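In what follows, a structure is listed as structure tokens, so that the remarks can point back to it.
We name chains A, B, ... by the order of the sequence lines, and we start the count at 1 in each one. A quick note: this is a predicted structure, and the numbers were derived from the prediction, not measured.
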Amino acid sequence: EAQVTQNPRYLITVTGKKLTVTCSQNMNHEYMSWYRQDPGLGLRQIYYSMNVEVTDKGDVPEGYKVSRKEKRNFPLILESPSPNQTSLYFCASSHRQGTGNTIYFGEGSWLTVV
Amino acid sequence: QKEVEQDPGPLSVPEGAIVSLNCTYSNSAFQYFMWYRQYSRKGPELLMYTYSSGNKEDGRFTAQVDKSSKYISLFIRDSQPSDSATYLCAMSENAGNMLTFGGGTRLMVKP
């Protein structure tokens with residue numbers, strides 16, 4: 001079954017404590033990305049990766065890092081989380097040449113920073 | 001002004017009603033238009049995908065794009081309680097993966 005798997009699904013953490021949200025896909029997709037979803041703002045792209053070792057900033061990259069050492073994994077790193085990073089995060093993947101109709105989303109990670 | 005505007009709702013309709021969901025946008029370079037459905041605590045799933053202007057129908061769903069007015073719509077016929085979800089429009093300039101999303105409209109279909 002085609003899947004994008006995120007962990008953890010729910011997390012409460014404190015300001016400044018580094019955390020990593022993992023993302024893994026089993027479809028051999030080249031393209032992976034991270035979004036955050038906030039009420040009334042839809043999904044905003046944080047970072048994306050066109051392939052292994054190739055990453056670039058999206059619309060709201062401040063406070064986040066990513067890495068793409070393997071094709072299937074694309075972790076999102078918050079080095080020093082702050083309360084304004086409290087949000088719902090989605091990982092997505094697709095083939096590099098795909099259009100919107102081939103993007104698969106994970107089930108989301110609810111992050112609360114206190 | 002946001003690049004893609006979408007009425008947040010909530011929109012509440014009785015079962016069987018025709019639902020109209022809309023987005024307006026400002027970037028005339030958008031060519032690819034999508035509608036995603038998102039159930040509570042789930043990731044978005046693609047409902048409809050259209051290229052340029054025109055209509056596309058899939059079962060009870062019809063997507064319309066009017067590029068001259070920078071306006072897209074999703075119609076749901078014979079709405080069902082299972083259609084209750086948040087609907088997100090998304091669009092992109094080229095056949096890639098850089099999507100710009102609207103804020104989403106929450107729809108509630110009451111039995």
For residues [X] and [Y]: do they belong to one hydrophobic cluster (side chain heavy atoms under 4.5 Å, members Ile, Leu, Val, Met, Phe, Trp, Tyr)?
X     : Y     : answer
A:L76 : A:Y35 : no
B:W35 : B:Y25 : yes
A:M32 : B:L46 : no
B:F33 : B:F61 : yes
B:L21 : B:V4  : yes

What part of [X] gets within 4.5 angstrom of chain B, counting heavy atoms only: side chain, backbone, both, or neither?
X     : answer
A:R44 : neither
A:Y10 : side chain
A:Q6  : neither

Exercise for the section: Find the distance between CZ (B:F101) and CG (A:D59) and round it off to the nearest 0.5 Å. Expected result: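 It is 11.0 Å, given to the nearest 0.5 Å.
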
Problem - Closest non-hydrogen atom pair between A:G42 and B:L88, with its separation - result: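 Between these two residues, the closest heavy atoms are CA-CD2, 4.4 Å.
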
Handout entry: More than 12 heavy atoms of other groups within 6.0 Å of B:K42 NZ
Key =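 No, NZ of B:K42 has 12 or fewer neighbouring heavy atoms, counting only those of other groups under 6.0 Å.
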
Problem - chain A contact via B:R41 - which portion, at a heavy-atom distance below 4.5 Å - result: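 Backbone plus side chain of B:R41, per the 4.5 Å heavy-atom cut-off to chain A.
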
Handout entry: Engaged part of B:Q6 at the chain A interface, taking heavy atoms whose separation is under 4.5 Å
Key =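 For B:Q6, no heavy atom lies under 4.5 Å from chain A.
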
Exercise for the section: Taking the side chain as every heavy atom from C-beta outward, state whether B:Y36 and A:L43 have any atom pair closer than 4.5 Å. Expected result: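 They are not in contact (no side-chain heavy atoms under 4.5 Å apart), so the answer is no.
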
Handout entry: Top of B:P8, B:G104, B:G102, B:C89 for chain A proximity - count of heavy-atom pairs under 4.5 angstrom
Key =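 If we count pairs closer than 4.5 Å to chain A, B:G102 comes out on top.
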
